[in-house]
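Naming convention: chains lettered A, B, ... in sequence-line order (proteins, then strands); numbering from 1 in each chain.
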Amino acid sequence: MDRYDPAQIESRWRERWETEGLHHTDLSDAARKCYCLVMFSYPSGDRLHVGHWYSYVPADCWARMRRMQGWNVFEPVGFDAFGLPAENFAIKHNAHPADFTEKNMAYMRTQLREMGAMYDWRREVVTCHREYYRWTQWLFLRLFEAGLAYRRKAPVNWCPRDETVLANEQVTPEGTCERCGTLVTKRDLTQWFFRITAYADALLEGLDRIDWPEKTKTIQRNWIGRSEGTEIRFEVEGLPGCALEVFTTRPDTLFGATYLVLAPEHPTVPELTTPERRYMVEEYRERTRRATEIERASTVREKTGEFTGAHALHPLSGERLPIWIADYVLPSYGTGAIMAVPAHDQRDLDFANAFALPVRRVIAAHGGPLHAQPQGAAAHGGGDEMTQAEDAEGVLIHSGRFDGMSSRVAMQEITRELERLGSGRRAVKTRLRDWLVSRQRYWGAPIPIVHCPTCGPVAVPDAELPVELPYDVDFSIGGGGPEGGGLSPLGRSASFRHTRCPACAGDAERDLDTMDTFVDSSWYFLRYLSPHDEGRPFDPAVVNTWCPVDMYVGGIDHAVMHLLFARFFVKALRDLGLLAFDEPFRSLRHQGPITRGGAKMSKRWGNVVAPEEYIPTYGTDALRVYMLFGFTFEQGGDWEDSGLHGASRFLQRVWRLYARHESLWDSAARETEEGETAERGAPEGIGEEAGSSNGDEPAAHARRELNAARQHAILRATQDLERFAFNTAISRIMELVNAANAFADAPRLQGSSSVAWAEEDRGLFRATLKDLVRLLAPAAPHLAEELWHAGGHDSFVLDAGWPEHDASAMAGEEITIVIQVDGKLRDEMRVARDLSEVEVRRRALAHGRIPETIGDRSVARVVVVPNRLVNVVTRGSG
RNA sequence: GCGAGAGUGGUGGAACUGGCAGACACGCGAGACUUAGGAUCUCGUGGCCUCGCGCCAUGGGGGUUCGAGUCCCCCCUCUCGCACCA
């Protein structure tokens, strides 16, 4: 064996794997199927850097172990090729997104190949290809038919820079565009939505059945934001037939309501505003409209609002309640109107204090005396203004016949009473809004709808799909968007725009918007299973056996958005009878971010670490090992060249280990086929009675040590890989390398060549080398392949099976037991593993300096932790 | 503000249900081999000191326990999520 030359080894094996189709998965065999998926790449203009590798390499490492364990692993790859960044990049560089995307993907493919992952390239999926988006459109139409895709005019998020609407999920908590960072504004536009809110409960329920990080589930639960409460109807005084609906989660505080507040945008506001209040109200509404999301969402801001002049009538007490508008009530949540209970809601209290509105306590602390506070004691003007709302549940007071009830009971009783009067009902509200899917941009799948002046929106017949995205279109930004008198790019193409109505054959116009790219990525994992099927989006037979995806790896930045949308899609398709399962991703893992100089890698900062820079000198395997060993998977960390250097040194050390014992290792395959003992965990002389056969105690001892290291490595590396603890898995393998070197360098072998060793040593050592190369294979597949073949094997290491842990081989192992006296480490002793507690205790008390340490104190207690330690507890000195 | 998670050597990071804190590495130091070393190998490497089977050490302070990085309470710092959601 020559020097370790990764460049040469790696390209050679990658070619062999490719030509032999080693990574092609036979999907007809689903008996032990394992669908391992990574979030596919986005060819936006940046090439893949080590940050991308950091989700792909660990996923591949895990998948390789699964494959070696005998699973039929499917690991596909593809491109999320539509989308704004690609389009913006193309505009900036005066290119066409289609051309530029193809070019970019071509480069990324070579990058991905260099990574040495087990991708089945025959099943690549590219979302911007007509063969794919045809089915995206087809699926859109199924949702349309089912009423799950609909058009509606609504205030929507508008990104002025990208000139398109955005889904709520694409607006950051700061109110900026998730893609470009521009402040998002609101516009009233007619847009396409997917009715994801209809699946709020299903989306919540499904979370309990999937193996996802708790954090991610929490984020989704919060995003969905389900709350149960009561909708209450308030008649407006003097306006018969005009009633306001409010939503509250605290119907028990109904008698504490002292005014109502509507969102400024509430549609009833103009109708009920009195003439003398109209000017102020209109002005306030205008001011609100101009305010940005951030300004409005700020909780530290002073409360503002205006009185409408109108009054509502309390449904149970008949009391007159003033109706206000204020921007602390959001138009998009609940009914856009609230009953204000200042005594028991901080926001209402702040508002009441700002505008001198009355405060009435109606909930007393549990167990406290009823009517403890005289009516109006805390009311405004009483001198001692209430500043802290009492939002805890308790017992009702000042609530008529509901007095004395607990909040819990009163919620039900009051709701029941309102239902009886026809003034209310139980209701469930969610924070989740319907998913806005139309985009006023070019680079996406056209929405397959035709707008006919007589028939309205009509589906394009399936047979006419795809509605092809025209190539020759002016997709520049600057039209001003739908409100600026401009048209979305597709509108600028007359040939695209004008068509015939599929229903009445009259002149009609195509929908001019394209779909959000999250639609593309909501079903790509289904398409991977039959990417070339021309008759349907996916093959139900294959999809229903291979899904859900067994392991999905990607960043937590998609906790809402992609991961929520894909779940919705699968649930909707299940209900449409197209799928037999309803959760797409059974297990999910998030990698942490890889930074450089503490900052996220980006072209802008000029801190991108390109794999190509390192592969020629260090090799792919070193890069892979560094990615796996140098960080905690879920945490990520800062890139350090020195870490890569260390990983490379480790691989060199492995190489030298095999090179030094080349002659011995060379015969590994043959020896194994002879069915000798090496394959089993405990060759002759390893067991408890070891050494008795030839009386060579040091030799037997050395063999026991090596075998123990070997078994530990197998056990721990396997466990660690399974739980995505790649860094510790690699460290177990390093320990085994160290142990193997120590064994071979032992003085008793007098530096003799390993082929000259005793048969027992040779057998064990060969078996160890054989296990080692296989343990290493998921992390460093090229090197492992090379070594495997150097060991005389003809098959690929991927098909060599996974080393099996042999517990019996560890039985005779000698271990160290720590002896403490009163919790302090005082000595240690070597005993056989699993020695009885009684015996361990007896020996510990007599061991070395222990009796001396105990002195004349009496032993109160002896704690024995099996195979770990003994703690002698004394009872003071005598 | 609410919720979740995290604070461990010079660095990355280990430590399963409480059981030798710092595995495995990087870096550093000393030595060996070398014409040379940014190669390789060996040894050492948390702090302190009176250099001992010594003492102190897992953000700080209390507690439970034979025993606490791990469990409980209080505080500090950082990260993330939510943030007028009625």
Original post:
Base, sugar-phosphate alone, or nothing: which one does A:Asn738 contact when heavy atoms must sit under 4.0 Å apart?
Top reply: sugar-phosphate
Original post:
Between A:Asp201 and A:Arg226, does at least one N-O distance fall below 4.0 Å, as a salt bridge requires?
Top reply: yes
**OP:** Could I get the full list of side-chain contact (heavy atoms from CB on, under 4.5 Å) partners for A:Ala622, not counting sequence neighbours?
**Re:** A:Tyr618, A:Leu644, A:Ser648, A:Leu651
**OP:** For A:Thr335, answer base if it contacts any base atom (sugar-phosphate contacts may also be present), sugar-phosphate if it contacts only those atoms, and nothing otherwise; contact means non-hydrogen atoms under 4.0 Å.
**Re:** nothing
Subject >> Gap between atoms OH and P, on A:Tyr626 and B:G27 respectively (whole Å) >> reply: 12 Å
**OP:** Would you mind reading off the distance between A:Tyr4 atom OH and B:A39 atom C1', rounded to a whole angstrom?
**Re:** 16 Å
Subject >> Whether A:Phe633 and A:Phe724 hold their rings parallel, tilted or perpendicular, with breakpoints at 30° and 60° >> reply: perpendicular
Original post:
More 5' along RNA chain B: A:Lys429 or A:Val560, using each one's nearest nucleotide?
Top reply: A:Val560
Original post:
Are side-chain heavy atoms of A:His344 and A:Glu393 found at a separation under 4.5 Å?
Top reply: no
Using a cut-off of under 3.5 Å, enumerate the N/O to N/O pairs linking the protein to nucleotides 40-42 of chain B.
residue : atom : partner  : partner atom : Å
B:U40   : O3'  : A:Arg656 : NH2          : 3.0
B:C41   : OP1  : A:Arg656 : NH2          : 3.0

Subject >> Watson-Crick or G-U stems involving RNA chain B, each at least 3 pairs long, distances under 3.5 Å, ordered by first number >> reply: B:1-7 with B:76-82, B:10-12 with B:24-26, B:27-32 with B:40-45, B:46-48 with B:54-56, B:59-63 with B:71-75
**OP:** Give a yes/no answer on whether the side chain of A:Thr853 brings an N or O atom under 4.0 Å of OP1 or OP2 in B:C53.
**Re:** no
Original post:
For nucleotides 8-15 of chain B, read 5' to 3', which letter fits each nucleotide if B means a protein heavy atom sits under 4.0 Å from the base, S means only the sugar-phosphate is that close, and - means neither?
Top reply: ----BSSS
Original post:
Separation of A:Asp345 atom CG from B:A86 atom C1', in whole Å?
Top reply: 6 Å
Subject >> Contact check, side chains of A:His266 and A:Ile325, non-hydrogen atoms, under 4.5 Å >> reply: no
Original post:
If we only count heavy atoms from C-beta on, is the A:Thr335 to A:Glu231 side-chain gap below 4.5 Å?
Top reply: yes
Subject >> Assigned glycosidic conformation for B:G9 [threshold 90° from 0] >> reply: syn
Original post:
Is it the case that more than 12 heavy atoms not belonging to A:Arg3 sit under 6.0 Å from its CZ atom?
Top reply: no
Subject >> Contact nearer the 5' end of RNA chain B, comparing A:Tyr333 with A:Asp827 >> reply: A:Asp827
Kindly give the atom pairs (protein nitrogen or oxygen, nucleotide nitrogen or oxygen) under 3.5 Å for nucleotides 54-59 of chain B.
none

**OP:** Give one of base, sugar-phosphate or nothing for A:Gly225, where a contact means two heavy atoms less than 4.0 Å apart.
**Re:** nothing
**OP:** Calculate the interatomic distance between A:Phe650 atom CZ and B:G27 atom C1'; express it in whole Å.
**Re:** 19 Å
Original post:
A:Phe255 vs A:His314 aromatic rings, parallel, tilted or perpendicular, using cut-offs 30° and 60°?
Top reply: tilted
Original post:
Do A:Phe650 and A:Phe629 have side chains that get closer than 4.5 Å, going by heavy atoms?
Top reply: no
Original post:
How is A:Gln346 classified with respect to the nucleic acid when contacts are heavy atoms under 4.0 Å: base, sugar-phosphate, or nothing?
Top reply: nothing
Subject >> Whether A:Gln346 side chain and A:Ala389 backbone form a donor-acceptor pair below 3.5 Å >> reply: yes
Original post:
Is the NZ or CZ atom of A:Lys303 positioned over A:Phe351's six-membered ring, under 6.0 angstrom from the centre and within 45° of the axis?
Top reply: no
Original post:
Are A:Asp211 and A:Arg589 ion-paired here, with the side-chain N under 4.0 Å from a carboxylate O?
Top reply: yes
Original post:
Could you state the NE2-C1' distance from A:His847 to B:C53, rounded to the nearest angstrom?
Top reply: 11 Å
Report each atom pair, protein N/O against N/O of nucleotides 77-81 of chain B, whose distance is under 3.5 angstrom.
residue : atom : partner  : partner atom : Å
B:C80   : O2'  : A:Lys215 : NZ           : 3.0

Original post:
Side chains of A:Thr718 and A:His805: do they bring a donor and an acceptor to under 3.5 Å?
Top reply: no
Original post:
Should A:Arg433 and A:Ser332 count as side-chain neighbours, where that means a heavy-atom distance under 4.5 Å?
Top reply: yes
Subject >> Charged N-O contact under 4.0 Å between A:Glu228 and A:Arg426 >> reply: yes
